[in-house]
S.K.: 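After the structure tokens below, expect a handful of questions from me.
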Amino acid sequence: HAAASGVPLTVFHNRRFDPEHATVARVVADGLVGTPFRYEMRWERWRPVPKDRWRENASAADGGGILLDLHSHLVDAAVQLFGPVATVFATVAAHTTLAEDDAFLVCRHESGVVSHLGATAISGAPGPRVRLLGTSGAYVMADFTGETHVWSGQADEDATQSGWLYRGDEREPVARGTSTQADLYRAVAAALGSADPQAAMPVDPWDAVHTLAVIDAARESAAQECVVTVSTPTP
């Protein structure tokens, strides 16, 4: 509809511009862990008394639940790092809310990397935000803006750092990425002033279509207790 109307369209994947995501992207691009083969990303909180709001109370059909909320960012981050997802196996549950408050996805990318993407509102000990395993090392990020964790041994030493590079008992700090979510708005403004606003948009709308296809496959996987092939509509 946007294309037919000649209106530029983008998607609010603001988390692509988090400095933490920028850091992981650089770790991958620079080959700091060798060839990646497993990517773990968590968005875990301790909220045993749920908030009384639509996201917790609405059904998935009405947009509620953690799978449509946090996993939209988790899946997008994994796809940005390792490419499209081919298959998904998932578990989804509602422990304290009407909508699901716990979901875990195992995504096999077409590149061969496997992503473990977990989000829950009832983790008494939230795990490290990121653990990336590669053939020559591992990257671990415990600190994430605005979130608490119990992994003091992996805490950053100062604000210039985001995570650690491990090779067995050796480790070194990794410099923090410099992007911020404000960069999304700057990119949209720049796109609107360009010769081809749609091509210049920071997020291709079809990226979001693939993310939703992964989430749909995850929901089917959880219901059927099986691995599901992701089927993404194309332009």
Side-chain angles (χ1 to χ4, degrees), residues 9-18 20-21 24 39-82 84-109 114-131 144-149 181 184 203-233:
L9 175 66
T10 192
V11 179
F12 190 59
H13 272 311
N14 58 321
R15 292 291 180 175
R16 290 187 184 184
F17 297 86
D18 283 341
E20 292 87 356
H21 178 73
V24 181
Y39 171 67
E40 302 170 9
M41 188 174 186
R42 303 170 181 83
W43 209 316
E44 300 178 345
R45 294 166 173 164
W46 177 232
R47 193 176 288 166
V49 178
K51 292 185 176 182
D52 185 14
R53 58 182 181 176
W54 72 268
R55 187 172 288 123
E56 282 73 16
N57 297 328
S59 67
D62 290 327
I66 208 164
L67 191 57
L68 285 172
D69 181 17
L70 298 182
H71 269 92
S72 63
H73 297 294
L74 294 173
V75 171
D76 182 67
V79 170
Q80 289 305 299
L81 293 169
F82 305 113
V85 174
T87 63
V88 180
F89 178 77
T91 60
V92 179
H95 299 291
T96 64
T97 57
L98 294 175
E100 71 266 3
D101 56 7
D102 182 55
F104 181 77
L105 277 58
V106 178
C107 301
R108 184 174 294 279
H109 297 261
V114 176
S115 291
H116 295 180
L117 310 176
T120 180
I122 47 173
S123 175
R129 177 53 58 96
V130 170
R131 189 175 73 137
F144 192 83
T145 305
E147 303 289 344
T148 60
H149 65 83
Q181 291 185 22
L184 172 66
V203 181
D204 184 338
W206 288 100
D207 289 355
V209 173
H210 180 60
T211 293
L212 291 172
V214 173
I215 290 173
D216 284 348
R219 200 176 298 282
E220 180 183 349
S221 171
Q224 301 297 326
E225 298 185 348
C226 64
V227 175
V228 173
T229 298
V230 177
S231 177
T232 304

S.K.: Restricting to side-chain hydrogen bond (donor to acceptor under 3.5 Å, both in side chains), what partner residues turn up for T91, sequence neighbours left out?
M.R.: none
S.K.: Starting at OG1 of T120, measure out to CZ of R47 and round the result to the nearest 0.5 Å.
M.R.: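 The CZ atom of R47 is 10.5 Å from OG1 of T120, to the nearest 0.5 Å.
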S.K.: Please identify each residue that fulfils side-chain hydrogen bond (donor to acceptor under 3.5 Å, both in side chains) with R131, with sequence neighbours left out.
M.R.: E40
S.K.: Just jot down the side chain to side chain contact (heavy atoms under 4.5 Å, CB included) partners of T232, sequence neighbours excluded, or say none.
M.R.: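 V209, H210, A213, V230.
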S.K.: Please collect all side chain to side chain donor-acceptor pair (under 3.5 Å) contacts where either partner lies in residues 211-221, sequence neighbours excluded, each pair once.
M.R.: none
S.K.: How long is the straight-line distance from CD of E56 back to CD1 of I66, given to the nearest 0.5 Å?
M.R.: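 Reported value, rounded in 0.5 Å steps: 8.5 Å.
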S.K.: Apply salt bridge (charged side-chain N to carboxylate O under 4.0 Å, His left out) to D102 and list each qualifying residue two or more places apart in sequence or on a separate chain.
M.R.: none
S.K.: Judged by atom type as modelled, is there a donor-acceptor pair below 3.5 Å linking the side chain of D18 to the main-chain atoms of E20?
M.R.: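 Not a single qualifying donor-acceptor pair exists.
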S.K.: Taking R108 for the side chain and V114 for the main chain, is one N or O donor matched with an acceptor at less than 3.5 Å?
M.R.: no
S.K.: Hey, what do you get for OG1 (T96) to CG (D101), rounding to the nearest 0.5 Å?
M.R.: 4.0 Å
S.K.: List the steps and the verdict of side chain to side chain contact (heavy atoms under 4.5 Å, CB included) for Q80 and D207.
M.R.: CA-CA 9 Å; Q80 289 305 299; D207 289 355; 3.8 Å; yes
S.K.: I need the F89 CZ to Q224 CD distance, nearest 0.5 Å.
M.R.: 11.5 Å
S.K.: Can you tell me how far the CZ atom of R53 sits from the OG1 atom of T97, to the nearest 0.5 Å?
M.R.: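 Output value for this atom pair is 10.5 Å.
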S.K.: Check P205 against L9 and note the closest heavy-atom contact, atom names and distance.
M.R.: CG-O, 3.3 Å
S.K.: For a 4.5 angstrom cut-off between non-hydrogen side-chain atoms, does P128 reach R42?
M.R.: yes
S.K.: Locate the shortest heavy-atom distance separating G64 from A99; write the atom from each residue and the value.
M.R.: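 Minimum heavy-atom contact is C-CB, 4.0 Å.
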S.K.: Can you give me the closest heavy-atom contact between L74 and G118, atom names plus distance?
M.R.: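 For L74 versus G118, the nearest heavy atoms are CD1-O, 3.7 Å.
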S.K.: List in chain and number order the residues that pass ring-ring contact (aromatic ring centres under 6.0 Å, His included) with H95, two or more places apart in sequence or in another chain; answer none if no residue qualifies.
M.R.: none
S.K.: Does F144 have any ring-ring contact (aromatic ring centres under 6.0 Å, His included) partners at least two apart in sequence or in another chain, and if so, which?
M.R.: W43
S.K.: Measure across I122 and P48 and return the closest heavy-atom pair with its distance rounded to 0.1 Å.
M.R.: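 Closest pair (atom of I122, atom of P48, distance): CG2-CA, 4.3 Å.
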S.K.: With sequence neighbours left out, which residue pairs that include part of residues 59-77 fulfil the salt bridge (Lys or Arg N to Asp or Glu O under 4.0 Å) condition?
M.R.: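 For residues 59-77, and leaving out neighbouring residues, the salt bridge (Lys or Arg N to Asp or Glu O under 4.0 Å) pairs sorted by first residue read R16-D76, R55-D69.
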S.K.: Within the side chain of S115, is there an N or O that forms a donor-acceptor pair under 3.5 Å with the backbone of L117?
M.R.: no
S.K.: What's the shortest heavy-atom distance between A77 and Y39, and which atoms?
M.R.: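 So the minimum-distance heavy-atom pair works out to CB-OH, 4.3 Å.
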S.K.: Can you give me the closest heavy-atom contact between V85 and C107, atom names plus distance?
M.R.: CG1-CB, 3.8 Å
S.K.: Are R45 and L70 close enough, and set up right, to give a side chain to side chain contact (heavy atoms under 4.5 Å, CB included), and what steps lead you there?
M.R.: CA-CA 11 Å; R45 294 166 173 164; L70 298 182; 4.3 Å; yes
S.K.: Could you list the residues that satisfy side chain to side chain contact (heavy atoms under 4.5 Å, CB included) with A208, not counting sequence neighbours?
M.R.: V11, H13
S.K.: If you draw a 6.0 Å radius around CZ in R15, do more than 12 non-hydrogen atoms from other residues or ligands fall strictly inside?
M.R.: yes
S.K.: Partners of T229 by side-chain hydrogen bond (donor to acceptor under 3.5 Å, both in side chains), sequence neighbours excluded?
M.R.: none
S.K.: Name all residues meeting the ring-ring contact (aromatic ring centres under 6.0 Å, His included) criterion together with H109; count only those two or more places apart in sequence or in a different chain, and write none if there are none.
M.R.: F82
S.K.: With H21, which residues qualify under side-chain hydrogen bond (donor to acceptor under 3.5 Å, both in side chains), at least two apart?
M.R.: none
